[in-house]
Engineer: 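Below is a structure I'd like to ask you about.
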Amino acid sequence: MKEKSQNTTSKIWTVSALAVLLVLWQAVSMAGLIPNFMLPSPVDVGKAFVGDFGLLMENAKVTLLEAALGLACGIAVGFLMAVIMEQFEKLYKAFYPLIVLTQTIPTVAIAPLLVLWFGYEMLPKVILIVVVTFFPITVGLLDGFGSADKDMINLMRSMGAGEFQIFRYIKLPGAMSHFFASLRISVSYSVVGAVISEWLGGFSGLGVYMTRVKKAFAYDKMFAVIFLISIISLILMKLVEILQKKAMPWENVK
């Protein structure tokens, strides 16, 4: 009961802070402190969202499809790399610095090259999403594998367990909390990665929509799509949290 009360209180504070921010934003817009074409009011953004809702949903479907495909591939690549690097220390030492290096290159620098090499279809967007999503998965799982209980591992070995059995019954279950923590990061990265790739080349999607409304100086619609992207990311992160509770019921037992 105490934990539920704390969660409710935390949510109330969050909603209250958001409400205060929106009220202040509206007040600034109404007072004319910032020109309306530069900072549209929340009311104008809401009207733009409702007015272009159908178009936003149509473009959101494309972005979500790209994000889902890229995220699925990113999870598979990240999981496979983590397992291989955990089993072979020399591969870990050889490839871990290269994996870190891939994250030092700005996505806005990679995207034009991918478009040049693979065209304006979905493939370059999926590749970019894989690049930005596999890293948290790989690092999170490696940390989880490394934090496995050494005493449990020694006990399993004393009972004649092989490396696969140790991995299956000790290391993998122990790394699940790290995996889901990394997955929450990756799902938000997948949406952002899809939008960035659409900025630099594409025919549809929220990124393409943003580019078009920006060129038309329709900043109310620009803010509307930004809010939509944020809402999508928050929903996906919440879904990951629900999935974690289903996949790890023992974590819910206090």
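Since the model is a prediction, treat every value here as computed from it, not as a measurement.
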Engineer: For a quick test of reading the model, state the closest non-hydrogen atom pair linking Gln244 to Ser177 and the distance between them.
Structural biologist: NE2-CA, 4.2 Å
Engineer: The test is salt bridge (charged side-chain N to carboxylate O under 4.0 Å, His left out); show your working for Glu198 and Lys125 and say whether it passes.
Structural biologist: CA-CA 7 Å; Glu198 290 165 353; Lys125 301 172 181 60; over 6 Å; no
Engineer: Do Ser186 and Leu71 have side chains that approach each other closer than 4.5 Å (heavy atoms only, starting at C-beta)?
Structural biologist: yes
Engineer: side-chain contact (heavy atoms from CB on, under 4.5 Å) between Ile110 and Leu114: does it pass, once the steps are laid out?
Structural biologist: CA-CA 6 Å; Ile110 301 175; Leu114 294 175; 3.7 Å; yes
Engineer: Would the number of heavy atoms belonging to other residues, nucleotides or ligands and lying under 6.0 Å from CE of Met57 be above 12?
Structural biologist: yes
Engineer: What heavy-atom pair brings His178 and Ser147 nearest, and what distance separates the two atoms?
Structural biologist: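 Answer, listing the atom of His178 first, then Ser147: CE1-OG, 3.6 Å.
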Engineer: Quick one: which of Thr211, Val62, Ile232 gives a side chain to side chain contact (heavy atoms under 4.5 Å, CB included) with Leu206?
Structural biologist: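 Testing Leu206 for a side chain to side chain contact (heavy atoms under 4.5 Å, CB included) against Thr211, Val62, Ile232 leaves exactly one candidate, Ile232.
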Engineer: Would you check if Tyr189 and Pro136 make a side-chain contact, meaning some heavy-atom pair closer than 4.5 Å?
Structural biologist: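 In contact.
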Engineer: Show me, pair by pair, the donor-acceptor contacts under 3.5 angstrom made by side chains of residues 42-56, not counting sequence neighbours?
Structural biologist:
unit_1 : atom_1 : unit_2 : atom_2 : d
Asp44  : OD2    : Asn36  : ND2    : 3.3
Asp44  : OD2    : Ser41  : OG     : 3.2
Asp52  : OD2    : Tyr209 : OH     : 2.7

Engineer: Looking at every heavy atom in both Asn59 and Gly205, which two are closest together, and how far apart are they?
Structural biologist: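 In this case the closest contact between Asn59 and Gly205 is OD1-N, 2.9 Å.
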Engineer: Is there a path from Ile185 to Val192 through hydrophobic residues (I, L, V, M, F, W, Y) whose side chains come within less than 4.5 Å of each other?
Structural biologist: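 Different clusters.
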Engineer: When rounded to the nearest 0.5 angstrom, what distance separates CZ in Arg212 from OG in Ser204?
Structural biologist: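 These two atoms lie 8.0 Å from each other.
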Engineer: Testing the basics here: between Arg168 and Leu172, what is the closest heavy-atom pair and its distance to 0.1 Å?
Structural biologist: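 In terms of heavy atoms, the two residues are closest at O-CB, 4.1 Å.
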Engineer: With side-chain contact (heavy atoms from CB on, under 4.5 Å) as the test, would you mind laying out the steps for Phe167 and Gln87 before giving the verdict?
Structural biologist: CA-CA 9 Å; Phe167 176 81; Gln87 293 295 320; 4.0 Å; yes
Engineer: Kindly list each side-chain donor-acceptor pair under 3.5 angstrom involving residues 90-105, sequence neighbours excluded, with atom names and distances?
Structural biologist:
unit_1 : atom_1 : unit_2 : atom_2 : d
Thr102 : OG1    : Ile99  : O      : 2.5
Gln103 : NE2    : Val131 : O      : 3.1
Thr104 : OG1    : Leu101 : O      : 2.6

Engineer: Between atom NZ of Lys238 and atom CD1 of Ile235, what is the distance when rounded to the nearest 0.5 Å?
Structural biologist: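 CD1 of Ile235 is found 11.5 Å from NZ of Lys238.
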Engineer: Quick one: CD1 on Ile226 to CD1 on Ile231, what's the gap to the nearest 0.5 Å?
Structural biologist: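 Going from the CD1 atom of Ile226 to the CD1 atom of Ile231 covers 12.0 Å.
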Engineer: What is the distance from atom CG of Leu123 to atom OG of Ser197, rounded to the nearest 0.5 Å?
Structural biologist: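 Rounded to the nearest 0.5 Å, the CG-OG separation comes to 11.0 Å.
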Engineer: Are the side chain of Ser158 and the backbone N or O of Leu155 linked by a donor-acceptor pair below 3.5 Å?
Structural biologist: yes
Engineer: Decide yes or no for Ile153 and Asp149: does some side-chain heavy atom of the first lie under 4.5 Å from some side-chain heavy atom of the second?
Structural biologist: no
Engineer: Membership question, hydrophobic clusters at under 4.5 Å side-chain separation (ILVMFWY): are Val191 and Leu69 in the same one?
Structural biologist: no
Engineer: For Trp25 and Pro40, work out which heavy atoms get closest and say how close.
Structural biologist: NE1-O, 3.0 Å
Engineer: Would you check if the side chain of Trp199 reaches a backbone N or O of Ala194 as a donor-acceptor pair within less than 3.5 Å?
Structural biologist: no
Engineer: Is atom CZ of Phe88 surrounded by more than 12 heavy atoms (other residues, nucleotides or ligands) closer than 6.0 Å?
Structural biologist: no
Engineer: Got a sec: does the CZ of Phe203 have more than 12 other heavy atoms crowding it under 6.0 Å?
Structural biologist: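 Atom CZ in Phe203 is packed in, count exceeds 12.
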Engineer: Taking the side chain as every heavy atom from C-beta outward, state whether Val213 and Tyr219 have any atom pair closer than 4.5 Å.
Structural biologist: no
Engineer: Does Val187 share a hydrophobic cluster with Leu64, counting links as ILVMFWY side-chain heavy atoms below 4.5 Å and allowing steps through other members?
Structural biologist: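 Yes.
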Engineer: Is there a path of hydrophobic side-chain contacts, each under 4.5 Å between heavy atoms of I, L, V, M, F, W or Y residues, that connects Leu236 with Val225?
Structural biologist: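 Same hydrophobic cluster.
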Engineer: For Lys171 versus Phe145, what's the shortest heavy-atom pair and its separation?
Structural biologist: O-CD2, 3.7 Å
Engineer: Can you tell me how far the OG atom of Ser188 sits from the CD1 atom of Ile229, to the nearest 0.5 Å?
Structural biologist: 12.5 Å
Engineer: Say you draw a straight line from CD of Glu121 to CD of Glu66; how long is it, rounded to the nearest 0.5 Å?
Structural biologist: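 One finds 10.0 Å between CD of Glu121 and CD of Glu66.
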Engineer: Applying a strict under-4.5 Å side-chain criterion to I, L, V, M, F, W and Y, I'd like to know whether Leu22 and Phe223 cluster together.
Structural biologist: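 Yes, it is one cluster - the side chains of Leu22 and Phe223 are joined through contacts under 4.5 Å.
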Engineer: Side-chain contact, heavy-atom cut-off 4.5 Å: Met122 with Leu65?
Structural biologist: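 Yes; the side chains approach each other to less than 4.5 Å.
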Engineer: Is the shortest side-chain N to carboxylate O distance from Arg184 to Glu241 below 4.0 Å?
Structural biologist: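 The answer is no: the pair does not qualify as a salt bridge.
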Engineer: For residues 73-80, run the donor-acceptor check on the side chains, cut-off 3.5 Å, and write out each pair with its distance to 0.1 Å, sequence neighbours left out.
Structural biologist:
none

Engineer: Strictly below 4.0 Å, N to O, side chains only: are Arg157 and Glu163 in salt-bridge contact?
Structural biologist: yes
Engineer: Under 4.5 Å between any side-chain heavy atoms of Met81 and Ile137, yes or no?
Structural biologist: no
